[in-house]
Peer 1: 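Can you read through this structure? Questions will come right after.
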Amino acid sequence: MKIIIAGGGKIGHSVAAILADEGHDVTVIDHDAELIAQLSNTLDVICVEGSAANADTLREAGAAEADLLLAATQTDEVNMVCGISARHLGAKHVIARIRDPEYLSQKTFLREALGLDLIVNPDYECAKEIARILRFPSAVRVDTFSKGSVEIVEHRVAEGSVLDGLQLKDLGAALGVKVLVSVVERGGDALIPNGVFALRAGDRLNITGTVQELRRFFAAVGQLRKPVRQVMIVGGSRAAVYLTRMLQESGMSVTVVEKDRERCDRLCDLLKDAHIVCGDATRSDVLQEDGLSSADAFVALTGEDGDNIVTAMYARQCAVGKIVVKVNREHFSELLEGAGLDSIVSPKDLVAEQLARYVRAMSNSAGSSMETLYRLADGKIEALEFCVGEHAACVGKPLRELKLRPNTLIAAVIRGGKCLLPDGNTVILPGDHAIVVSAAGKLKNLDDIVL
């Protein structure tokens with residue numbers, strides 16, 4: 001597939017890396033010569049130097065023959081102009097990154113007026129991800145499928161845990177729960193385990209189940225945390241505004257700490273029921289005076305990775321129950337995990353995941369349609385949700401009779417809104433939703449799971 005990415009910044013780079021690895025013909029446009037040189041040296045992509053709002057640059061990049069153009073520059077208006085121009089030049093699908101809430105309040109109108117197939121917003125996606133984590137604070141990460149019928153949550157096996165040394169085939173009987181360990185990260189490797197696989201302390205698990213069964217799992221291993229009621233957010237960004245509104249809708253009380261006075265005044269207008277504090281969150285006295293000790297959760301959401309890391313580490317020192325950190329640089333994730341801070345969110349990765357899902361769905365067969373895609377285990381594994389079509393290759397046979405692709409697992413089947421954890425006797429039917437876990441980039445549609 002021929003894909004053009006306008007804008008080679010954090011999001012453009014991340015999306016280009018994923019799509020190039022999947023074998024697509026990727027071209028990146030950017031006006032920054034130094035950035036273009038860097039992209040050319042590190043990724044297997046074509047690079048074009050120039051303005052994404054210029055029709056001649058788009059023609060040079062091949063917009064007339066493009067299957068998809070993603071406008072992901074730093075400026076909403078440039079992205080909109082780029083999208084309109086690309087559509088007129090002949091690009092089949094056009095996606096634009098638009099961040100301004102004023103524009104997003106007219107999302108449907110903009111899509112129709114500008115001819116956009118999809119609008120992506122990193123700040124909103126970041127807020128959604130954090131809200132999911134705070135609603136289920138026992139988990140490091142929460143991925144939701146089929147409108148909440150099933151979730152995959154991430155959990156680290158602690159020293160002395162009842163899970164240490166337990167074989168997976170014995171997990172259900174030992175804990176009295178119905179969950180499935182879909183992925184295990186150990187020593188830098190991501191594994192899709194079988195029943196005789198024995199867990200160890202330090203393993204990072206991706207566990208599939210319903211919300212009720214997952215709560216029972218965390219209770220059984222002594223890791224069930226109390227619900228979050230009070231949240232402190234550091235940084236008054238757009239993502240903080242979206243997140244505050246989501247949390248307030250869930251009944252949580254929110255304090256936002258922002259050091260810029262003008263921004264604080266704006267936040268007071270946007271967030272009527274939140275507690276807005278004007279102060280420097282890198283100072284411990286500011287955090288303590290404004291309620292850190294009584295917070296159930298702490299979210300570091302400034303635009304500076306360094307400030308986010310420092311404040312999150314202080315919150316951990318103060319024994320805040322749940323801590324979520326936004327970072328953009330990948331090497332900081334390893335530092336945070338080493339410090340015991342596991343819930344890490346990266347907006348660029350979330351948008352890259354969203355775009356990978358869209359591109360993959362464009363090539364679905366008639367036998368299935370992809371509805372959800374999450375990248376697990378630092379991008380090594382994918383969890384995909386397919387709506388099963390009548391002619392899908394997996395329909396009508398017990399799973400034990402299907403010859404599945406190696407390192408592929410059917411983690412759950414949703415039928416009539418209910419989650420089934422499959423075994424060898426399970427038969428997939430048309431209309432089911434199948435949750436499949438596989439090595440990243442291997443599955444374009446549901447038929448790919450069968451050899």
Peer 1: Evaluate K128 against D123 for salt bridge (charged side-chain N to carboxylate O under 4.0 Å, His left out), listing each step before the verdict.
Peer 2: CA-CA 9 Å; K128 280 202 307 181; D123 302 310; over 6 Å; no
Peer 1: For the atom pair CD1 (I95) and CZ (R111), what is the distance rounded to the nearest 0.5 Å?
Peer 2: 10.0 Å
Peer 1: Please report the shortest heavy-atom distance between R97 and N79, naming the atom on each side.
Peer 2: O-ND2, 2.7 Å
Peer 1: Out of V324, I130, V325, which residue meets the side chain to side chain contact (heavy atoms under 4.5 Å, CB included) rule with S343?
Peer 2: V324
Peer 1: Could you go through Q230 and S253, starting from their C-alpha distance and side-chain angles, then the distance that decides it, and tell me whether this counts as side chain to side chain donor-acceptor pair (under 3.5 Å)?
Peer 2: CA-CA 5 Å; Q230 297 188 55; S253 175; 5.0 Å; no
Peer 1: Does NZ in K178 sit with more than 12 non-hydrogen atoms of other residues, nucleotides or ligands closer than 6.0 Å?
Peer 2: no
Peer 1: Under 3.5 Å, is there a donor-acceptor pair linking the side chains of E353 and Y358?
Peer 2: no
Peer 1: Look at the side chain of R357 and the backbone N and O of L373, then say whether any donor-acceptor pair between them is shorter than 3.5 Å.
Peer 2: yes
Peer 1: If you compare all heavy atoms of L446 against all heavy atoms of A392, which two are closest, and at what distance to 0.1 Å?
Peer 2: CD2-CB, 4.2 Å
Peer 1: Side chains of R135 and S250: do they bring a donor and an acceptor to under 3.5 Å?
Peer 2: yes
Peer 1: So, for A131 and M246, which heavy atoms are closest and what is the spacing to 0.1 Å?
Peer 2: CB-SD, 4.1 Å
Peer 1: Distance check, rounded to the nearest 0.5 Å: M362 atom CE versus K444 atom NZ?
Peer 2: 13.0 Å
Peer 1: State, yes or no, whether a side-chain contact exists between V153 and F218 at a heavy-atom distance under 4.5 Å.
Peer 2: yes
Peer 1: For residues N308 and T302, is any side-chain donor paired with an opposing acceptor at under 3.5 Å?
Peer 2: yes
Peer 1: Just wondering, do T372 and F386 contact through their side chains at under 4.5 Å, heavy atoms?
Peer 2: no
Peer 1: To the nearest 0.5 Å, what is the distance between CD1 on I309 and CG on L341?
Peer 2: 9.0 Å
Peer 1: Between F298 and R316, is there a cation-pi geometry (under 6.0 Å to ring centre, at most 45° from the normal)?
Peer 2: no
Peer 1: Would a 4.5 Å heavy-atom cut-off, applied to side chains only, mark V395 and L429 as touching?
Peer 2: no
Peer 1: Rounded to the nearest 0.5 Å, what separation is found between the CD atom of E65 and the CZ atom of R59?
Peer 2: 11.5 Å
Peer 1: Given R200 and D164, is the salt bridge (charged side-chain N to carboxylate O under 4.0 Å, His left out) satisfied, shown in steps?
Peer 2: CA-CA 5 Å; R200 294 181 194 163; D164 192 0; over 6 Å; no
Peer 1: Between Q167 (side chain) and V196 (backbone), is there a donor-acceptor pair under 3.5 Å?
Peer 2: yes
Peer 1: Check step by step if side-chain contact (heavy atoms from CB on, under 4.5 Å) holds for L70 and L355.
Peer 2: CA-CA 9 Å; L70 166 63; L355 268 294; 4.1 Å; yes
Peer 1: So which heavy atom on S14 is nearest to which on A352, and how close?
Peer 2: OG-CB, 3.6 Å
Peer 1: May I ask you to decide if S149's main-chain N or O and S146's side chain share a donor-acceptor pair within less than 3.5 Å?
Peer 2: no
Peer 1: Got more than 12 heavy atoms from elsewhere within 6.0 Å of CZ, F145?
Peer 2: yes
Peer 1: So, for A86 and L69, which heavy atoms are closest and what is the spacing to 0.1 Å?
Peer 2: CB-CD1, 3.7 Å
Peer 1: Counting neighbours of CG on D44 that are heavy atoms of other residues, nucleotides or ligands and sit closer than 6.0 Å, is the number greater than 12?
Peer 2: no
Peer 1: Counting neighbours of CZ on R99 that are heavy atoms of other residues, nucleotides or ligands and sit closer than 6.0 Å, is the number greater than 12?
Peer 2: yes
Peer 1: For K380, does the NZ atom have more than 12 heavy-atom neighbours from other residues, nucleotides or ligands under 6.0 Å away?
Peer 2: yes
Peer 1: Can R400 and N425 be counted as having a side-chain donor-acceptor contact under 3.5 angstrom?
Peer 2: yes
Peer 1: Strictly distance-based, threshold 3.5 Å: is any side-chain N or O of S85 a donor or acceptor partner for the main-chain N or O of V81?
Peer 2: yes
Peer 1: When you measure from the side chain of S40 to the backbone of I36, do you find a donor-acceptor pair of N or O atoms at a distance under 3.5 Å?
Peer 2: no
Peer 1: Indicate yes or no: at least one non-hydrogen side-chain atom of L301 is less than 4.5 angstrom from one of C126.
Peer 2: yes
Peer 1: Could you state the interatomic distance from CZ (R360) to CG (L443), rounded to the nearest 0.5 Å?
Peer 2: 7.5 Å
Peer 1: Does any donor atom in the side chain of E382 or S438 lie under 3.5 Å from an acceptor atom in the other side chain?
Peer 2: no
Peer 1: What are the two closest non-hydrogen atoms of A240 and G235, and how far apart are they?
Peer 2: CB-O, 3.1 Å
Peer 1: Measure from the side-chain N and O atoms of R132 to the backbone N and O of R141, and report whether any donor-acceptor pair falls under 3.5 Å.
Peer 2: no
Peer 1: Using the rule given for side-chain contact (heavy atoms from CB on, under 4.5 Å), can you reason through V388 versus H433, listing the C-alpha separation, both sets of side-chain angles and the distance that settles it, and then say yes or no?
Peer 2: CA-CA 6 Å; V388 182; H433 285 241; over 6 Å; no
Peer 1: Please test Y374 against L384 for side-chain contact (heavy atoms from CB on, under 4.5 Å), starting from the C-alpha separation and ending with a verdict.
Peer 2: CA-CA 7 Å; Y374 294 108; L384 309 99; over 6 Å; no
Peer 1: Please say whether more than 12 non-hydrogen atoms of neighbouring residues, nucleotides or ligands are located less than 6.0 Å from NZ in K322.
Peer 2: yes
Peer 1: Tell me, with the steps shown, if V48 and V28 meet side-chain contact (heavy atoms from CB on, under 4.5 Å).
Peer 2: CA-CA 6 Å; V48 175; V28 180; over 6 Å; no
Peer 1: Would you say the side chain of I410 lies within less than 4.5 Å of the side chain of I435, judging by non-hydrogen atoms?
Peer 2: no
Peer 1: Going by heavy atoms in the side chains, are M252 and V228 under 4.5 Å from each other?
Peer 2: yes
Peer 1: Evaluate the side-chain proximity of T244 to V256: yes if any heavy-atom separation is below 4.5 Å, no if none is.
Peer 2: yes
Peer 1: Distance check, rounded to the nearest 0.5 Å: R215 atom CZ versus T210 atom OG1?
Peer 2: 10.0 Å
Peer 1: Looking only at atom types and distance, does a side-chain atom of S138 sit under 3.5 Å from a main-chain N or O of R225, one as donor and one as acceptor?
Peer 2: yes
Peer 1: Working note: D203 + R186, criterion salt bridge (charged side-chain N to carboxylate O under 4.0 Å, His left out); need CA distance, chi angles, decisive distance, verdict.
Peer 2: CA-CA 5 Å; D203 287 347; R186 176 184 294 172; 2.7 Å; yes
Peer 1: Is the shortest side-chain heavy-atom distance between I207 and L214 below 4.5 Å?
Peer 2: yes
Peer 1: I'd like to know if the side chain of Q106 reaches the main chain of E102, judged simply by a donor and an acceptor atom lying under 3.5 Å from each other, with no hydrogens or angles considered.
Peer 2: yes
Peer 1: So, the side chain of T75 versus the backbone of E77: is there a donor-acceptor pair under 3.5 Å, distance only?
Peer 2: no
Peer 1: Passes salt bridge (charged side-chain N to carboxylate O under 4.0 Å, His left out), D432 versus R415? Steps please.
Peer 2: CA-CA 5 Å; D432 286 349; R415 182 175 298 157; 2.7 Å; yes
Peer 1: Please check this pair: side chain of D447 against backbone of A393, looking for a donor-acceptor N/O pair closer than 3.5 Å.
Peer 2: yes
